[in-house]
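Encoded as structure tokens, the structure appears first; notes follow it.
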Amino acid sequence: MDKQTIEEGKSAAITSYILIIGVLIALSMNSENKNKFASFHIRQGLGLTLTFITLGISISYFESIMVAAPMWIFISVLTIYGIFTAAKGETVPLPLLGKWYQKWFSTI
């Protein structure tokens, strides 16, 4: 990708990692002029949000900090990693699940 494409999509890419609401905002920012860089990070952010919701629902039945803390750490680390890669202008998939997010949400 060229530098202009990256710079134009950087704000939507970073916004997409703000769980739940950030993905919706980034989708609307990228709706008219599809930016490949922003779309890549929106797919990553959407996948991370859905993973967060799925893990949150399944872990909520345990009502234990010993079960919930690792999930929060996992999601927080991936979110910070995603924000930093978007800010640096890189298109590196998130560890563990990033490649699957790109396949599952390829229409975005």
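How far CZ of F74 is from CG of L96: 5.0 Å, rounded to the nearest 0.5 Å. Note that CD1 of I53 is 10.0 Å distant from CG of L48, once rounded to the nearest 0.5 Å. From I59, atom CD1 reaches atom OG1 of T54 across 10.5 Å, with rounding to the nearest 0.5 Å. One finds the CG atom of L19 at 4.5 Å from the OG1 atom of T49 (value rounded to the nearest 0.5 Å). Between I65 atom CD1 and W72 atom CH2 the span is 10.0 Å, to the nearest 0.5 Å. Rounding to the nearest 0.5 Å gives a distance of 6.5 Å between OG1 of T51 and CG of L55.
Closest of all the heavy-atom pairs between L50 and F105 is CD1-CZ, 3.5 Å. Shortest non-hydrogen contact noted between Q44 and Y17 is CB-OH, 3.3 Å. In terms of heavy-atom proximity, N35 sits nearest to G9 at ND2-N, 3.3 Å. The nearest pair of heavy atoms linking Y81 to V92 is OH-CG1, 3.3 Å. Looking at every heavy atom in both residues, A26 comes nearest to I42 through O-CD1, 3.4 Å. Considering every non-hydrogen atom in both T15 and M29, the closest pair reads OG1-SD, 4.4 Å.
A 4.5 Å side-chain heavy-atom check between L46 and S16 finds every atom pair outside the cut-off. Inter-residue side-chain proximity for T79 and F52 is flagged as unmet; no heavy-atom pair is nearer than 4.5 Å.
A chain of hydrophobic side-chain contacts below 4.5 Å, direct or via other Ile, Leu, Val, Met, Phe, Trp or Tyr residues, connects L27 to I20. Residues Y101 and M71 share a hydrophobic cluster, clusters being chains of Ile/Leu/Val/Met/Phe/Trp/Tyr side chains in contact below 4.5 Å. Each of F37 and L94 belongs to its own hydrophobic cluster when Ile, Leu, Val, Met, Phe, Trp and Tyr are linked at side-chain heavy-atom distances under 4.5 angstrom. I108 is not connected to I6 by any chain of hydrophobic side-chain contacts under 4.5 Å among Ile, Leu, Val, Met, Phe, Trp and Tyr, and they are in different clusters. Under the 4.5 Å side-chain heavy-atom criterion for Ile, Leu, Val, Met, Phe, Trp and Tyr, F84 and L97 are members of distinct hydrophobic clusters.
For S39 (side chain) and K36 (main-chain N/O), no donor-acceptor pair under 3.5 Å exists by modelled atom type. A donor-acceptor pair under 3.5 Å is formed between the side chain of H41 and the backbone N or O of E90. Counting only distance, with no hydrogens or angles, the side chain of K10 and the backbone of A87 share a donor-acceptor pair below 3.5 Å.
Other residues, nucleotides and ligands place no more than 12 heavy atoms under 6.0 Å from the NZ atom of K3. Shown here is N33, whose CG atom has no more than 12 heavy atoms of other residues, nucleotides or ligands within 6.0 Å.
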